[in-house]
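Right, one structure below, let's go through it.
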Amino acid sequence: MTDVVDSDELLRRIQRARAWAAQEERSWQARGERLGREDPGDPGEARDAGIRAVAYGVVLRVLDEILTPGRHATPG
C-alpha cells in the first residue's frame with residue numbers, strides 16, 4: 001500500500017537521496033583511483049568504478065536540479 005507523503009517529507013527524502021548519491025560518487029571515484037594505482041594490469045575494474053562514479057554524478061545533478069531548479073542550467 002502507498003502512503004500519502006506531504007511536501008516536507010518528499011523534500012527530506014530527496015535531500016537524503018542526494019546525500020547518498022554524493023557519498024556513492026565519492027566512494028566510487030576513490031575506489032577507481034585506488035584500483036588504477038594498485039593494479040594497473042586490470043583496467044576493467046578501475047573503468048567500472050569510473051563508470052559508476054559518473055552514473056552517481058548524473059543522479060546527483062538531477063537531484064540538484066529538482067531541489068534548486070534553474071540554478072544548474074547550462075547555456076543553450
Side-chain angles (χ1 to χ4, degrees):
M1 177 174 271
T2 305
D3 295 329
V4 176
V5 178
D6 67 0
S7 60
D8 289 335
E9 177 61 20
L10 182 59
L11 180 61
R12 283 190 294 274
R13 290 180 184 188
I14 292 170
Q15 288 169 335
R16 279 195 311 265
R18 189 211 173 280
W20 179 77
Q23 177 184 346
E24 288 295 310
E25 179 187 31
R26 287 189 302 269
S27 173
W28 282 106
Q29 282 176 343
R31 182 175 179 179
E33 291 170 2
R34 187 179 70 248
L35 287 170
R37 283 191 313 267
E38 292 175 359
D39 190 8
D42 185 13
E45 286 188 49
R47 185 178 55 245
D48 181 53
I51 290 169
R52 289 175 187 256
V54 169
Y56 281 109
V58 169
V59 170
L60 186 60
R61 286 190 296 278
V62 168
L63 293 173
D64 279 342
E65 184 62 27
I66 292 170
L67 292 169
T68 54
R71 182 187 293 179
H72 307 93
T74 57

Which donor-acceptor pairs under 3.5 Å do the side chains of residues 24-32 make with protein atoms, sequence neighbours left out?
| from | atom 1 | to | atom 2 | distance (Å) |
| --- | --- | --- | --- | --- |
| Glu24 | OE1 | Trp28 | NE1 | 3.4 |

* **Ile14-Leu60 co-clustered via ILVMFWY side chain contacts under 4.5 Å** =>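 No, Ile14 and Leu60 fall in different hydrophobic clusters.
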
query = Do Val59 and Ile66 belong to the same hydrophobic cluster, where Ile, Leu, Val, Met, Phe, Trp and Tyr are linked whenever their side-chain heavy atoms lie under 4.5 Å apart, directly or via other members?
reply =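 Linked within one cluster.
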
How many angstroms lie between atom [atom1] of [X] and atom [atom2] of [Y], to the nearest 0.5 angstrom?
| X | Y | atom1 | atom2 | value |
| --- | --- | --- | --- | --- |
| Leu67 | Arg18 | CG | CZ | 7.5 Å |
| Gln15 | Leu10 | CD | CG | 10.0 Å |
| Leu35 | Asp48 | CG | CG | 9.5 Å |

To check you understand the geometry: which heavy-atom pair defines the closest contact between Ala17 and Leu63, and what is its length?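 Nearest heavy atoms, Ala17 then Leu63: C-CD1, 3.7 Å.
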
Problem set entry | Any residue meeting side chain to side chain contact (heavy atoms under 4.5 Å, CB included) with Glu9, in chain and number order, not counting sequence neighbours |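 Counting only residues at least two positions away or on another chain, Glu9 forms a side chain to side chain contact (heavy atoms under 4.5 Å, CB included) with Val5, Asp6, Arg12, Arg13, Arg16.
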
